[in-house]
Amino acid sequence: QVQLQESGGGLVQPGGSLRLSCAASGRARSMYTMGWFRQAPGKEREFIAAIIWSSLNVRYADSVKGRFTISRDNAKNTVYLQMNSLKPEDTAVYYCAADGGNRLEIIPTRYDYWGQGTQVTVSS
């Protein structure tokens with residue numbers, strides 16, 4: 001089993017920044033790919049970014065490219081999502097996910113483990 005715990009969400013004004021963290025525990029070393037997704041009320045879960053633990057390979061959704069950055073700290077088993085230039089449409093619950101495969105998956109059902117999510121609200 002792998003446990004994922006997100007943190008760092010909150011209320012921020014448009015144009016502001018937040019950094020989300022996802023701490024992995026349990027059999028975390030068996031997970032090769034980590035992803036971030038978000039889900040706004042009434043909408044489907046949306047891919048944001050993914051990273052492979054063992055490499056610097058990353059992938060982003062077009063909607064966040066150039067504004068968000070995914071990174072990882074192997075020693076801490078933690079993945080980060082730095083979010084800059086936030087917009088009201090970025091408001092959602094953000095989820096961290098882990099996958100035992102070695103591909104930058106964008107489909108939620110390809111991920112095996114999920115955190116409980118952290119709320120991000122962008123509003124003035």
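From a predicted model like this one, the values you see are computed outputs, not experimental measurements. In what follows, residues are counted from 1 in the order of the sequence shown. All values below come from the heavy atoms of this structure, side chains included, with hydrogens, waters and symmetry mates left out.
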Participant: Are Cys22 and Tyr80 close enough that some pair of their side-chain heavy atoms sits under 4.5 Å apart?
Facilitator: no

Participant: Please report the interatomic distance OG1(Thr118) to CD(Gln5), rounded to the nearest 0.5 Å.
Facilitator: 8.5 Å

Participant: Could you state whether Val79 and Val2 fall into the same hydrophobic cluster, counting links through intermediate Ile, Leu, Val, Met, Phe, Trp or Tyr residues with side-chain heavy atoms under 4.5 angstrom apart?
Facilitator: yes

Participant: Can you name the closest pair of heavy atoms from Ala49 and Tyr60 and give their distance?
Facilitator: CB-CD2, 3.6 Å

Participant: Do Ser123 and Leu11 make a side-chain contact, defined as non-hydrogen atoms from C-beta onward lying under 4.5 Å apart?
Facilitator: yes

Participant: Mind checking whether Gln39 and Pro108 have side chains closer than 4.5 Å, heavy atoms only?
Facilitator: no

Participant: Salt bridge check: are Asp90 and Lys87 linked by an N-O gap of less than 4.0 Å?
Facilitator: no

Participant: In Å, rounded to the nearest 0.5 Å, how long is the span from CD1 of Ile107 to CZ of Phe37?
Facilitator: 9.0 Å

Participant: Can you check whether Gln116's main-chain N or O pairs, donor with acceptor, with Glu6's side chain at less than 3.5 Å?
Facilitator: yes

Participant: Looking at every heavy atom in both Ser54 and Asn102, which two are closest together, and how far apart are they?
Facilitator: OG-OD1, 4.5 Å

Participant: Looking only at heavy atoms, which two atoms of Thr33 and Gly101 are closest? And how far apart?
Facilitator: OG1-O, 3.0 Å

Participant: At their closest point, which heavy atom of Val120 faces which heavy atom of Gly9, and how far apart are they?
Facilitator: CG2-CA, 4.1 Å

Participant: Does CD belonging to Glu89 count more than 12 external heavy atoms closer than 6.0 Å?
Facilitator: yes

Participant: Return the orientation label for the Phe68 and Tyr94 ring planes: parallel under 30°, perpendicular over 60°, tilted otherwise.
Facilitator: tilted

Participant: Give the cluster check for Ile70 versus Ile52: same hydrophobic cluster or not, with ILVMFWY residues linked at side-chain heavy-atom distances below 4.5 Å.
Facilitator: no

Participant: Between atom CZ of Arg19 and atom OG1 of Thr69, what is the distance when rounded to the nearest 0.5 Å?
Facilitator: 11.5 Å

Participant: Is there a side-chain contact between Arg59 and Ile106 (heavy atoms, below 4.5 Å)?
Facilitator: yes

Participant: Flag the pair Met83 / Val122 as yes when at least one side-chain heavy-atom distance between them is below 4.5 Å, and no otherwise.
Facilitator: no

Participant: Taking all non-hydrogen atoms of both residues into account, name the closest pair between Arg38 and Val64 and its distance.
Facilitator: NH1-CG1, 4.1 Å

Participant: Of all heavy-atom pairs between Ser17 and Ser85, which one has the smallest distance, and what is that distance?
Facilitator: OG-N, 4.4 Å

Participant: For the CZ atom of Arg103 and the CG atom of Asn57, what is their distance to the nearest 0.5 Å?
Facilitator: 13.5 Å

Participant: Ser63 versus Glu46: any side-chain heavy-atom pair under 4.5 Å?
Facilitator: yes

Participant: Please say yes or no: joined through hydrophobic side-chain contacts below 4.5 Å, possibly via intermediate residues, are Ile48 and Val12 part of one cluster?
Facilitator: yes

Participant: Just how far is it from atom CE of Met34 to atom CG of Asn77, taken to the nearest 0.5 Å?
Facilitator: 8.5 Å

Participant: Could you state the interatomic distance from CD (Gln82) to OG (Ser21), rounded to the nearest 0.5 Å?
Facilitator: 9.5 Å

Participant: Is Tyr95 close to Leu4 at the side-chain level, that is, under 4.5 Å between some pair of heavy atoms?
Facilitator: no

Participant: Answer yes or no: is there a side-chain heavy-atom contact under 4.5 Å between Phe47 and Glu105?
Facilitator: no

Participant: Apply the test side-chain contact (heavy atoms from CB on, under 4.5 Å) to residues Ile51 and Trp36: give CA-CA distance (whole Å), side-chain angles for both, the deciding distance (0.1 Å), then the verdict.
Facilitator: CA-CA 9 Å; Ile51 188 168; Trp36 284 99; over 6 Å; no

